[in-house]
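Step one of this worksheet: look at the structure below.
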Amino acid sequence: MKKLSVAIFASGTGSNAINLIQSFKDHEGASISFVLSNKEDAPVVSSARALGASVKVISNEQANDGEFLTQLVTDSKIDLIILAGYLRKIPVELIEKYSERILNVHPSLLPKHGGKNMYGDHVHRAVFEAGDRQSGITFHWVNKHFDEGRILAQFSTKLENVSHPDEIKAKIQAMEKEFFPVIVQAIINGTLK
Ligand code: GRF
């Protein structure tokens with residue numbers, strides 16, 4: 001079986017990116033070719049380098065340049081792109097070239113609390129303010145509209161006696177840590193498409 005070449009795009013803390021790097025180290029079915037970030041000072045950059053991962057840092061202008069980004073990814077013969085807290089909109093050229101090959105995790109049960117500017121703590125605060133009795137995470141392919149690509153999987157959790165959005169954040173991040181490698185493994189072995 002061909003070994004899948006994976007690129008992880010991340011802009012921030014990188015807990016998901018680091019978890020995936022560790023989960024797929026010496027994996028027979030896939031290799032993390034590089035981590036790409038648009039922020040040199042993002043913690044994910046130093047954390048990924050510390051794990052021996054190849055890191056590419058690009059500017060926001062380059063992140064918006066569809067031709068540049070598509071060329072960078074295709075030159076590296078990437079099969080699957082994983083967005084792990086990547087905060088730039090993916091250019092249309094790359095989405096078209098990698099249709100249903102760009103995976104994103106969103107920290108709510110889409111379509112609830114999705115869309116432009118709905119990322120990270122904004123989502124947890126929206127869930128909290130809505131008084132939702134449950135929340136969860138959504139794994140979906142990326143298309144041209146924020147958080148509207150085909151959903152691959154969702155995992156939910158009950159919210160009881162929540163007194164602050166950070167409590168939701170902690171539950172959600174624990175779910176991401178548990179399920180992100182599981183979903184990527186399912187894509188690698190073809191049980192999720
Ligand atoms: C995650 O909570 C994920 O749901 C969202 O961005 C956040 C990234 O966190 N896409 P981290 O940088 O992986 O810690």
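Remember, predicted model here, so these are calculated numbers, not experimental data. We count ligands from 1, going down the list as the structure has it; atoms in each ligand are counted the same way. Counting from 1, the numbers follow the sequence of the chain as shown.
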Nearest protein heavy-atom contact for [atom]: which residue, which atom, what distance?
atom                    : value
atom 14 (O) of ligand 1 : Ser15 OG, 2.5 Å
atom 9 (O) of ligand 1  : Asn16 ND2, 3.9 Å
atom 3 (C) of ligand 1  : Glu176 OE2, 3.2 Å
atom 8 (C) of ligand 1  : Gly85 CA, 3.6 Å

Inset, instruction - Run the contact test for Gly14 against ligand 1 with a 4.0 Å cut-off on heavy atoms, strictly below, and give the result. - result: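 Checking ligand 1 against Gly14, which is what was asked, there is a heavy-atom contact under 4.0 Å.
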Inset, instruction - Starting at NE2 of His145, measure out to CD1 of Ile95 and round the result to the nearest 0.5 Å. - result: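 Reported value, rounded in 0.5 Å steps: 9.0 Å.
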Inset, instruction - Flag yes if Ile18 and Leu87 sit in one hydrophobic cluster, no otherwise; membership is Ile, Leu, Val, Met, Phe, Trp, Tyr, and two members link when side-chain heavy atoms are under 4.5 Å apart. - result: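 Looking at the clustering, Leu87 is in a separate group from Ile18.
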Inset, instruction - Before signing off on this row, confirm whether Asn104 and ligand 1 have an N or O atom pair separated by under 3.5 Å. - result: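 Asn104 vs ligand 1: no N/O contact under 3.5 Å.
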Legend entry - Val105 N/O to ligand 1 N/O under 3.5 Å: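 Yes; at least one N/O pair falls below 3.5 Å.
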Inset, instruction - Please list, chain by chain and in numerical order, all residues satisfying side chain to side chain donor-acceptor pair (under 3.5 Å) with Glu148, sequence neighbours excluded. - result: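 Applying side chain to side chain donor-acceptor pair (under 3.5 Å) to Glu148 gives none.
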Legend entry - Side-chain (Asp79) to main-chain (Ser5) donor-acceptor, under 3.5 angstrom: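 At least one qualifying donor-acceptor pair exists.
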Legend entry - Donor-acceptor under 3.5 Å (Gln154 side chain, Leu110 main chain):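 Flag set: sc Gln154 to bb Leu110 pair under 3.5 Å.
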Inset, instruction - Look at Glu100 together with Arg150 and state whether they make a salt bridge at an N to O cut-off of under 4.0 Å. - result: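 Result for this pair is yes, salt bridge flagged.
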